[in-house]
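Keep in mind it's a predicted model, so treat the numbers as computed, not measured.
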Amino acid sequence: DKIVMLDNEAMSRGYEDEPRMAEAIKKYRDGKLVDDFKRKAVSALVTINDDDLSDYYSKYPEKFKRPDMLNLKIIKVKTEKEGAEIISELKAGSNFSNIAKEESLDPSAADGGRLGWVPSSQLGGDVLGSLMAAKEGEILGPFRADKDGKAYLVLEFLGMKKGEAVSFDAAKENIRK
């Protein structure tokens with residue numbers, strides 16, 4: 001199990017000797033024990049029928065909706081000024097993919113900046129708000145990529161697929177857990 005491997009790696013590096021890390025590891029282990037106990041002992045005593053599952057599914061529909069998917073291209077640069085200059089070039093008719101290949105710091109640069117379909121849940125507030133209001137083909141940005149302002153993003157919005165509800169049958173086992 002990946003969590004056990006991570007725990008073993010932390011111990012092999014001596015993290016449990018650092019007071020702050022030791023406390024975090026202890027809290028994690030205690031929480032894991034409680035979760036395991038609930039899953040094995042308590043869950044065995046609880047019977048959940050299909051009507052209970054259906055009621056829960058109906059009561060919390062937002063939990064069973066896939067996120068909207070946004071098709072994007074990206075150019076990542078170091079400064080807001082570079083981002084603004086790239087937007088000017090793009091508005092003057094330059095090709096997004098070519099600029100991405102030449103200028104972008106993002107790993108997608110080799111593919112012309114193509115990110116493909118990205119779940120809306122992975123995007124921050126300002127970026128998501130702008131994309132939701134954008135028209136297909138619109139260039140947006142520059143957006144600050146991190147809190148420190150060490151990178152900026154220019155995006156090309158290529159389209160959106162609205163998130164759909166997960167069927168009750170598909171959600172049933174997740175609800176049961």
Do [X] and [Y] have side chains that get closer than 4.5 Å, going by heavy atoms?
{"X": "Leu70", "Y": "Leu115", "value": "no"}
{"X": "Tyr152", "Y": "Arg144", "value": "yes"}
{"X": "Met69", "Y": "Pro119", "value": "yes"}
{"X": "Leu131", "Y": "Glu138", "value": "no"}
{"X": "Asp68", "Y": "Met132", "value": "yes"}

Please report the shortest heavy-atom distance between [X] and [Y], naming the atom on each side.
{"X": "Val77", "Y": "Gly83", "result": "CG2-N, 3.6 Å"}
{"X": "Phe157", "Y": "Lys135", "result": "CD2-O, 3.3 Å"}
{"X": "Ser108", "Y": "Arg114", "result": "CB-O, 3.7 Å"}
{"X": "Ser120", "Y": "Leu128", "result": "CB-CD1, 3.7 Å"}

With the 4.5 Å side-chain cut-off for hydrophobic clustering, are Ile87 and Leu153 part of the same group? no
From [atom1] ([X]) to [atom2] ([Y]), nearest 0.5 Å:
{"X": "Glu156", "Y": "Leu72", "atom1": "CD", "atom2": "CG", "result": "9.5 Å"}
{"X": "Asp55", "Y": "Asn49", "atom1": "CG", "atom2": "CG", "result": "8.5 Å"}
{"X": "Phe143", "Y": "Asp126", "atom1": "CZ", "atom2": "CG", "result": "7.5 Å"}
{"X": "Lys150", "Y": "Lys78", "atom1": "NZ", "atom2": "NZ", "result": "11.5 Å"}
{"X": "Ile74", "Y": "Asp111", "atom1": "CD1", "atom2": "CG", "result": "12.5 Å"}
{"X": "Ile86", "Y": "Ile75", "atom1": "CD1", "atom2": "CD1", "result": "5.0 Å"}

Under a plain distance cut-off of 3.5 Å, with no hydrogens placed, do Asp106 and Ser104 share a side-chain donor-acceptor pair? no
Tell me whether Asp50 is salt-bridged to Lys172, with the criterion being a basic N under 4.0 Å from an acidic carboxylate O. yes
Once the angle between the rings of Tyr56 and Phe64 is folded into 0 to 90°, is it parallel (under 30°), tilted (30 to 60°) or perpendicular (over 60°)? perpendicular
Apply side chain to side chain contact (heavy atoms under 4.5 Å, CB included) to Lys73 and Val154, showing your working. CA-CA 8 Å; Lys73 284 185 181 178; Val154 174; over 6 Å; no
Only one of Val127, Val118, Ile139, Leu123 clears side-chain contact (heavy atoms from CB on, under 4.5 Å) with Leu155; which? Val127
